[in-house]
Chemist: 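Following this message is one structure expressed as C-alpha coordinates.
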Amino acid sequence: DAKTTQPPSMDCAEGRAANLPCNHSTISGNEYVYWYRQIHSQGPQYIIHGLKNNETNEMASLIITEDRKSSTLILPHATLRDTAVYYCIVRVGRISGNTPLVFGKGTRLSVIA
Amino acid sequence: DTAVSQTPKYLVTQMGNDKSIKCEQNLGHDTMYWYKQDSKKFLKIMFSYNNKELIINETVPNRFSPKSPDKAHLNLHINSLELGDSAVYFCASRSTWTSGSGNTDTQYFGPGTRLTVL
(Lines give C-alpha, C1' and ligand atoms only; values in the text may rest on other atoms or scores of the structure.)
Protein backbone atom coordinates (compact mmCIF):
# COMPACT_ATOMS: atom_id res chain seq x y z
CA ASP A 1 0.00 0.00 0.00
CA ALA A 2 1.14 3.55 -0.76
CA LYS A 3 2.31 5.77 2.06
CA THR A 4 0.67 9.01 3.09
CA THR A 5 1.94 12.26 4.58
CA GLN A 6 -0.15 14.31 6.96
CA PRO A 7 0.63 17.33 9.16
CA PRO A 8 1.14 16.20 12.75
CA SER A 9 -1.35 18.65 14.21
CA MET A 10 -3.94 21.28 13.37
CA ASP A 11 -6.24 23.61 15.25
CA CYS A 12 -9.72 24.63 14.21
CA ALA A 13 -12.22 27.02 15.78
CA GLU A 14 -15.51 25.48 16.79
CA GLY A 15 -18.16 25.96 14.13
CA ARG A 16 -15.64 26.53 11.38
CA ALA A 17 -14.69 24.10 8.65
CA ALA A 18 -11.74 21.84 9.38
CA ASN A 19 -9.67 21.00 6.30
CA LEU A 20 -7.26 18.14 6.81
CA PRO A 21 -4.76 17.55 3.99
CA CYS A 22 -3.13 14.31 2.97
CA ASN A 23 -0.43 13.68 0.39
CA HIS A 24 -0.28 10.31 -1.35
CA SER A 25 1.88 10.95 -4.38
CA THR A 26 2.64 7.26 -5.04
CA ILE A 27 -0.97 6.11 -5.04
CA SER A 28 -1.77 3.39 -7.55
CA GLY A 29 -4.73 3.37 -9.89
CA ASN A 30 -6.62 0.73 -7.89
CA GLU A 31 -5.99 2.26 -4.48
CA TYR A 32 -8.61 4.12 -2.52
CA VAL A 33 -8.20 6.93 0.00
CA TYR A 34 -9.74 6.13 3.36
CA TRP A 35 -10.14 8.33 6.39
CA TYR A 36 -10.53 7.08 9.93
CA ARG A 37 -10.36 8.98 13.18
CA GLN A 38 -9.59 8.05 16.74
CA ILE A 39 -11.12 10.02 19.54
CA HIS A 40 -9.16 9.82 22.76
CA SER A 41 -9.41 6.44 24.50
CA GLN A 42 -11.69 5.01 21.81
CA GLY A 43 -11.23 2.69 18.87
CA PRO A 44 -10.75 4.12 15.38
CA GLN A 45 -13.91 5.10 13.50
CA TYR A 46 -14.48 5.04 9.76
CA ILE A 47 -15.30 8.43 8.24
CA ILE A 48 -15.27 8.28 4.47
CA HIS A 49 -13.42 6.88 1.47
CA GLY A 50 -13.06 7.64 -2.23
CA LEU A 51 -11.34 6.58 -5.41
CA LYS A 52 -11.22 9.64 -7.65
CA ASN A 53 -14.52 11.45 -7.33
CA ASN A 54 -15.31 13.78 -4.47
CA GLU A 55 -17.43 12.12 -1.81
CA THR A 56 -19.75 13.40 0.89
CA ASN A 57 -21.57 11.71 3.71
CA GLU A 58 -23.16 12.74 6.96
CA MET A 59 -19.80 13.08 8.66
CA ALA A 60 -17.52 14.74 6.14
CA SER A 61 -16.54 15.52 2.58
CA LEU A 62 -13.54 14.14 0.75
CA ILE A 63 -11.93 16.13 -2.03
CA ILE A 64 -9.43 14.26 -4.19
CA THR A 65 -7.25 16.14 -6.66
CA GLU A 66 -7.51 15.25 -10.31
CA ASP A 67 -4.08 13.61 -10.33
CA ARG A 68 -5.06 11.75 -7.11
CA LYS A 69 -1.78 12.65 -5.45
CA SER A 70 -3.44 14.46 -2.60
CA SER A 71 -6.77 14.80 -0.87
CA THR A 72 -8.50 16.89 1.77
CA LEU A 73 -10.95 15.77 4.40
CA ILE A 74 -13.44 18.49 5.25
CA LEU A 75 -15.48 18.62 8.44
CA PRO A 76 -17.90 21.41 7.51
CA HIS A 77 -18.79 22.61 11.01
CA ALA A 78 -16.28 21.30 13.51
CA THR A 79 -17.44 20.71 17.07
CA LEU A 80 -15.47 19.96 20.21
CA ARG A 81 -16.38 16.30 19.79
CA ASP A 82 -14.43 16.24 16.52
CA THR A 83 -11.17 16.61 18.44
CA ALA A 84 -9.30 13.44 17.50
CA VAL A 85 -6.43 11.98 15.52
CA TYR A 86 -7.37 11.68 11.86
CA TYR A 87 -5.74 9.01 9.72
CA CYS A 88 -5.50 9.11 5.95
CA ILE A 89 -4.93 5.59 4.61
CA VAL A 90 -4.35 4.51 1.05
CA ARG A 91 -5.05 0.90 0.20
CA VAL A 92 -6.59 -1.35 -2.34
CA GLY A 93 -10.34 -1.41 -2.00
CA ARG A 94 -11.71 -4.84 -2.74
CA ILE A 95 -14.23 -7.23 -1.36
CA SER A 96 -12.04 -10.27 -1.86
CA GLY A 97 -8.75 -10.36 -0.07
CA ASN A 98 -8.02 -9.31 3.43
CA THR A 99 -5.93 -6.18 3.44
CA PRO A 100 -5.68 -4.76 6.97
CA LEU A 101 -5.53 -1.07 7.65
CA VAL A 102 -2.02 0.38 7.86
CA PHE A 103 -2.09 3.41 10.13
CA GLY A 104 0.46 6.22 10.00
CA LYS A 105 0.88 8.93 12.59
CA GLY A 106 -2.18 10.87 11.50
CA THR A 107 -3.12 14.49 12.20
CA ARG A 108 -4.14 15.50 15.68
CA LEU A 109 -7.03 17.93 15.22
CA SER A 110 -7.86 20.16 18.15
CA VAL A 111 -11.18 21.98 17.94
CA ILE A 112 -11.08 25.08 20.09
CA ALA A 113 -14.10 26.79 21.63
CA ASP B 1 -26.28 -2.40 21.27
CA THR B 2 -22.49 -2.46 21.02
CA ALA B 3 -21.36 -3.64 17.59
CA VAL B 4 -17.87 -4.77 18.63
CA SER B 5 -17.27 -5.38 22.31
CA GLN B 6 -14.15 -6.31 24.22
CA THR B 7 -13.58 -7.57 27.73
CA PRO B 8 -11.99 -6.58 29.91
CA LYS B 9 -11.55 -2.86 29.30
CA TYR B 10 -8.58 -2.70 31.65
CA LEU B 11 -6.19 -5.49 32.54
CA VAL B 12 -3.33 -5.11 35.00
CA THR B 13 -1.12 -8.12 35.59
CA GLN B 14 2.34 -9.27 36.56
CA MET B 15 5.12 -10.31 34.24
CA GLY B 16 5.04 -13.98 33.40
CA ASN B 17 1.31 -14.37 33.79
CA ASP B 18 -1.06 -15.69 31.10
CA LYS B 19 -4.10 -13.62 30.21
CA SER B 20 -6.90 -13.53 27.67
CA ILE B 21 -8.85 -10.73 26.01
CA LYS B 22 -12.23 -11.48 24.50
CA CYS B 23 -13.86 -9.88 21.49
CA GLU B 24 -17.36 -10.29 20.15
CA GLN B 25 -19.10 -8.69 17.19
CA ASN B 26 -22.84 -8.81 16.53
CA LEU B 27 -22.60 -7.44 13.00
CA GLY B 28 -22.51 -10.78 11.19
CA HIS B 29 -19.10 -10.04 9.67
CA ASP B 30 -16.83 -12.81 8.45
CA THR B 31 -13.49 -11.13 9.08
CA MET B 32 -12.07 -9.99 12.39
CA TYR B 33 -8.76 -8.43 13.42
CA TRP B 34 -6.56 -7.71 16.39
CA TYR B 35 -4.56 -4.48 16.39
CA LYS B 36 -2.04 -3.25 18.94
CA GLN B 37 -1.52 0.40 19.84
CA ASP B 38 1.71 1.00 21.71
CA SER B 39 2.71 3.85 24.01
CA LYS B 40 3.72 5.98 21.02
CA LYS B 41 0.18 5.59 19.69
CA PHE B 42 1.13 3.58 16.61
CA LEU B 43 -1.66 1.21 15.58
CA LYS B 44 -0.45 -2.03 14.01
CA ILE B 45 -2.20 -5.12 12.74
CA MET B 46 -1.48 -8.32 14.64
CA PHE B 47 -3.86 -10.95 13.31
CA SER B 48 -6.70 -11.35 10.89
CA TYR B 49 -9.26 -14.15 10.86
CA ASN B 50 -11.74 -14.93 8.12
CA ASN B 51 -14.48 -17.43 8.86
CA LYS B 52 -12.57 -18.72 11.87
CA GLU B 53 -9.37 -19.24 9.86
CA LEU B 54 -6.14 -17.34 10.46
CA ILE B 55 -5.32 -15.18 7.44
CA ILE B 56 -2.70 -12.73 8.65
CA ASN B 57 -0.08 -13.09 11.36
CA GLU B 58 2.16 -10.07 11.34
CA THR B 59 5.37 -11.34 12.95
CA VAL B 60 3.76 -11.45 16.35
CA PRO B 61 5.60 -13.54 19.00
CA ASN B 62 4.11 -16.98 19.38
CA ARG B 63 3.25 -16.10 22.97
CA PHE B 64 0.22 -14.46 21.36
CA SER B 65 -2.37 -16.98 20.21
CA PRO B 66 -5.67 -15.85 18.74
CA LYS B 67 -8.61 -18.20 18.87
CA SER B 68 -11.87 -17.94 17.00
CA PRO B 69 -14.51 -20.35 18.37
CA ASP B 70 -17.04 -18.97 15.88
CA LYS B 71 -17.38 -16.13 13.40
CA ALA B 72 -18.65 -13.72 16.03
CA HIS B 73 -15.75 -14.17 18.44
CA LEU B 74 -12.01 -13.63 18.23
CA ASN B 75 -10.14 -13.98 21.49
CA LEU B 76 -6.52 -13.18 22.17
CA HIS B 77 -4.54 -15.28 24.61
CA ILE B 78 -1.13 -14.09 25.73
CA ASN B 79 1.34 -16.36 27.50
CA SER B 80 4.27 -15.32 29.68
CA LEU B 81 3.45 -11.64 29.59
CA GLU B 82 6.35 -9.19 29.23
CA LEU B 83 6.66 -5.51 30.04
CA GLY B 84 6.69 -4.69 26.32
CA ASP B 85 3.25 -6.21 25.91
CA SER B 86 1.76 -3.21 27.70
CA ALA B 87 -0.44 -1.50 25.14
CA VAL B 88 -4.01 -0.99 24.08
CA TYR B 89 -5.38 -3.89 22.06
CA PHE B 90 -8.22 -3.28 19.63
CA CYS B 91 -10.44 -5.83 18.05
CA ALA B 92 -12.15 -4.99 14.75
CA SER B 93 -14.54 -6.60 12.32
CA ARG B 94 -14.90 -5.95 8.65
CA SER B 95 -17.89 -5.15 6.49
CA THR B 96 -17.61 -5.40 2.72
CA TRP B 97 -19.89 -3.42 0.44
CA THR B 98 -20.28 -1.70 -2.89
CA SER B 99 -20.61 2.06 -3.16
CA GLY B 100 -20.42 4.62 -5.89
CA SER B 101 -16.65 4.35 -5.58
CA GLY B 102 -16.72 0.60 -6.18
CA ASN B 103 -16.10 -2.39 -3.95
CA THR B 104 -14.63 -1.63 -0.58
CA ASP B 105 -14.73 -2.45 3.09
CA THR B 106 -15.13 -0.72 6.41
CA GLN B 107 -13.68 -1.82 9.71
CA TYR B 108 -15.52 -1.42 12.98
CA PHE B 109 -13.35 -1.22 16.05
CA GLY B 110 -14.04 -2.20 19.60
CA PRO B 111 -13.39 0.14 22.53
CA GLY B 112 -9.99 -1.36 23.26
CA THR B 113 -8.41 -3.23 26.16
CA ARG B 114 -5.66 -1.42 28.02
CA LEU B 115 -3.14 -4.02 29.15
CA THR B 116 -0.58 -3.02 31.76
CA VAL B 117 2.16 -5.49 32.65
CA LEU B 118 3.99 -4.75 35.90
Side-chain angles (χ1 to χ4, degrees), chain A residues 1 3-4 6 8-9 27-59 61-64 68 71 84-108, chain B residues 2-6 9-10 21 23 25 27 29-38 40-51 53-60 66 74 88-114:
Chain A
D1 290 340
K3 292 185 177 178
T4 62
Q6 298 178 252
S9 64
I27 191 170
S28 299
N30 63 346
E31 289 181 318
Y32 289 67
V33 181
Y34 291 78
W35 283 84
Y36 280 74
R37 73 179 182 183
Q38 186 174 23
I39 296 171
H40 181 62
S41 297
Q42 297 183 21
Q45 176 191 24
Y46 167 81
I47 301 173
I48 199 168
H49 80 284
L51 182 63
K52 51 184 178 182
N53 296 325
N54 297 337
E55 302 286 346
T56 296
N57 63 19
E58 64 279 4
M59 290 183 69
S61 295
L62 175 60
I63 308 298
I64 303 174
R68 303 209 321 125
S71 60
V85 179
Y86 287 76
Y87 297 98
C88 171
I89 300 169
V90 169
R91 64 195 278 268
V92 176
R94 56 191 177 199
I95 292 181
S96 62
N98 204 359
T99 310
L101 295 170
V102 178
F103 290 87
K105 297 180 181 180
T107 295
R108 180 173 298 277
Chain B
T2 304
V4 182
S5 59
Q6 295 179 228
K9 186 168 177 61
Y10 299 96
I21 306 172
C23 176
Q25 54 98 359
L27 299 167
H29 297 161
D30 290 336
T31 306
M32 296 182 70
Y33 305 85
W34 276 109
Y35 289 82
K36 177 181 179 181
Q37 187 166 39
D38 61 25
K40 296 183 179 179
K41 304 298 184 183
F42 289 116
L43 260 167
K44 291 185 179 178
I45 183 70
M46 298 176 69
F47 299 102
S48 170
Y49 265 73
N50 188 59
N51 278 322
E53 290 189 24
L54 178 65
I55 302 299
I56 295 174
N57 179 344
E58 288 290 325
T59 62
V60 177
L74 181 61
V88 182
Y89 292 84
F90 289 99
C91 175
S93 71
R94 175 188 187 227
S95 165
T96 57
W97 46 294
T98 302
S99 71
S101 296
N103 298 334
T104 187
D105 61 0
T106 301
Q107 293 191 20
Y108 296 84
F109 285 79
T113 295
R114 181 173 294 276

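None of these values were measured; they are calculated from a predicted model. Every chain is numbered from 1 and lettered A, B, ... according to where its sequence line falls, protein lines coming before strand lines.
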Chemist: Can you tell if the side chain of Gln107(B) reaches within under 4.5 Å of the side chain of Leu101(A), non-hydrogen atoms only?
Modeler: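 Yes - at least one pair of side-chain heavy atoms lies under 4.5 Å apart.
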Chemist: Locate the shortest heavy-atom distance separating Gln37(B) from Tyr87(A); write the atom from each residue and the value.
Modeler: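 Taking every non-hydrogen atom into account, NE2-OH, 4.0 Å.
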Chemist: Given heavy-atom pairs under 4.5 angstrom as the criterion, report whether the side chain, backbone, both or neither of Tyr35(B) touches chain A.
Modeler: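 For Tyr35(B), the side chain is the part near chain A, not the backbone.
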Chemist: Verify the neighbour count for atom CZ of Arg68(A): are there more than 12 heavy atoms of other residues, nucleotides or ligands below 6.0 Å?
Modeler: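 More than 12 heavy atoms, drawn from other residues, nucleotides or ligands, come within 6.0 Å of this atom.
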Chemist: Starting at CZ of Phe42(B), measure out to CZ of Phe103(A) and round the result to the nearest 0.5 Å.
Modeler: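 Phe42(B) atom CZ to Phe103(A) atom CZ measures 13.0 Å (nearest 0.5 Å).
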Chemist: Report yes if some heavy atom in the side chain of Asp105(B) is under 4.5 Å from a heavy atom in the side chain of Tyr34(A); otherwise report no.
Modeler: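 Touching, per the 4.5 Å side-chain cut-off.
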Chemist: Is Lys41(B) close to Gln38(A) at the side-chain level, that is, under 4.5 Å between some pair of heavy atoms?
Modeler: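 Contact flag for Gln38(A)/Lys41(B) side chains = no.
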Chemist: Which bit of Gln6(B) comes within less than 4.5 Å of chain A, counting heavy atoms only: side chain, backbone, both or neither?
Modeler: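 For Gln6(B), no heavy atom lies under 4.5 Å from chain A.
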